Amino acid sequence: MNSHTLELARQAAAEVRDPELPMLTLADLGVLRDVCCRHGRIVVTITPTYSGCPAMSAIRADVAKALSAAGFADAEIRTTLSPAWSSDWITATGRRKLARHGIAPPGAAPARSKGPIPLTLKTRRHAVPCPRCASADTEPVSEFGATPCKALHRCRSCREPFERVKEI
């Protein structure tokens, strides 16, 4: 399989939309890890935003459908959990798309340490700018939004509610 054919397969997989954040492609979200050829067969590797992500079966089916439409009917879709996905993998384009759709993009993900992770019972609060008016005068309403990877906030300036993608 030549590099042009592999690039066509990568492009087909990369343009699949996330079912929970449909303004983002898998490439925007950073869950598309690899597209390669093994034994003459296209193999696509994806990483869920978290290990229990309920959208993974839909994403796998959508990737298979997109690859089939592009002429790669016998593709294999693999899921890998390591390294774990990080919200830092969302591209700059993806972050702009989130904000344009009224969803606050995540800030920098917390640093990951090797070895045991210390337990902290305090929640870390940081300013979340409103994606509508850019005010930093916002407040959390709920750490749980429409999907597990989002939280609900409210802007005190424009008084509009908005979701934020959590830092992972």
Side-chain angles (χ1 to χ4, degrees), residues 1-117 124 126 128 131 142-153 162-168:
M1 195 170 291
N2 64 37
S3 62
H4 176 69
T5 302
L6 195 57
E7 185 53 36
L8 289 174
R10 176 179 298 281
Q11 186 174 8
E15 292 182 8
V16 169
R17 302 222 168 253
D18 180 81
E20 294 179 334
L21 296 166
M23 74 288 300
L24 298 182
T25 65
L26 299 186
D28 293 332
L29 192 54
V31 300
L32 181 64
R33 295 292 299 281
D34 189 36
V35 178
C36 64
C37 178
R38 290 205 176 97
H39 308 293
R41 184 179 191 197
I42 293 294
V43 178
V44 174
T45 304
I46 53 179
T47 296
T49 54
Y50 69 99
S51 62
C53 179
M56 284 308 289
S57 61
I59 291 171
R60 279 193 296 277
D62 290 348
V63 169
K65 184 178 175 182
L67 289 169
S68 181
F72 305 100
D74 189 35
E76 178 183 351
I77 317 302
R78 294 182 180 175
T79 302
T80 185
L81 301 177
S82 179
W85 179 84
S86 167
S87 53
D88 287 344
W89 294 0
I90 299 174
T91 65
T93 299
R95 291 168 188 278
R96 285 190 299 274
K97 288 178 182 179
L98 286 169
R100 249 193 338 261
H101 284 84
I103 300 172
R112 295 183 186 194
S113 62
K114 300 209 186 261
I117 299 171
R124 292 183 304 159
H126 62 281
V128 177
S142 174
E143 280 302 314
F144 306 98
T147 63
C149 60
K150 292 187 282 186
L152 187 59
H153 290 255
F162 65 93
E163 289 185 302
R164 155 184 80 86
V165 174
K166 295 176 187 176
E167 293 80 15
I168 301 175

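Keep in mind that what you see is a predicted model, and the values were worked out from it rather than measured.
Taking NZ of Lys166 as the start and OG1 of Thr49 as the end, the distance is 10.5 Å to the nearest 0.5 Å. Within the model, atoms OG1 of Thr91 and CZ of Arg95 stand 8.0 Å from one another, a figure rounded to the nearest 0.5 Å. Between the CD1 atom of Ile168 and the SG atom of Cys149 there is a distance of 6.5 Å, given to the nearest 0.5 Å. Atoms CG and OG, from Asp74 and Ser68 in turn, are 10.0 Å apart once rounded to the nearest 0.5 Å. Interatomic distance, CD of Glu76 versus CD1 of Ile42, reported as 11.0 Å (0.5 Å rounding). A distance of 11.0 Å separates CD1 of Ile103 from CZ of Phe162, quoted to the nearest 0.5 Å.
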| Hey, mind stepping through Glu167 and Ser87 against side chain to side chain contact (heavy atoms under 4.5 Å, CB included) and telling me if it holds? | CA-CA 6 Å; Glu167 293 80 15; Ser87 53; 4.0 Å; yes
| query | For Asp18 and Val31, what are the C-alpha separation, side-chain angles and deciding distance, and is it a side chain to side chain contact (heavy atoms under 4.5 Å, CB included)? | reply | CA-CA 9 Å; Asp18 180 81; Val31 300; 5.8 Å; no
| task | Apply side chain to side chain contact (heavy atoms under 4.5 Å, CB included) to the pair Lys65 and Val16, showing each step before the final yes or no. | result | CA-CA 9 Å; Lys65 184 178 175 182; Val16 169; over 6 Å; no
| said: Determine whether Val44 and Ile46 satisfy the following criterion, side chain to side chain contact (heavy atoms under 4.5 Å, CB included), listing intermediate values before the conclusion. | reply: CA-CA 7 Å; Val44 174; Ile46 53 179; 4.2 Å; yes
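For the pair Ala14 and Thr25, the tightest heavy-atom approach, listed with the atom from each and the gap, is O-CB, 3.1 Å. Annotation for Leu67 and Ala12: closest pair CD2-CB, 4.1 Å, computed over non-hydrogen atoms. Ser82 approaches Thr80 most closely through the heavy-atom pair O-OG1, 3.2 Å. In this structure, Ile77 and Ala64 approach most closely via the heavy-atom pair CD1-N, 4.2 Å.
Arg96 and Thr93 are linked by a side-chain donor-acceptor pair at a separation below 3.5 angstrom, with hydrogens and angles left out of the test.
Counting only heavy atoms from C-beta outward, the side chains of Thr47 and Leu81 never approach each other to under 4.5 Å. Side-chain contact check for Glu143 versus Arg164: some heavy-atom pair is nearer than 4.5 Å. For the pair Glu20 and Pro54, the minimum side-chain heavy-atom distance is below 4.5 Å. A 4.5 Å side-chain heavy-atom check between Glu163 and Pro131 finds every atom pair outside the cut-off. Proximity of Lys150 to Leu21: side-chain heavy atoms (C-beta onward) are separated by under 4.5 Å at one or more points. Counting heavy atoms from C-beta on, the side chains of Ile59 and Pro19 come closer than 4.5 Å. Residues Thr79 and Thr45 are not in side-chain contact: their nearest non-hydrogen atoms beyond the backbone lie 4.5 Å or more apart. Looking only at side-chain heavy atoms (C-beta outward), Val43 and Val35 stay at 4.5 Å or farther from each other.
Salt-bridge formation is not detected for the pair Arg17/Asp62: no Lys NZ or Arg NE/NH1/NH2 atom is positioned less than 4.0 Å from an Asp or Glu carboxylate oxygen.
Heavy-atom neighbours of Tyr50 OH from other residues, nucleotides or ligands within 6.0 Å: above the threshold of 12.
No donor-acceptor pair under 3.5 Å is formed between the side chain of Trp85 and the backbone N or O of Ser51. With hydrogens and angles disregarded, no donor-acceptor distance shorter than 3.5 Å links the side chain of Ser142 to the backbone of Leu152.
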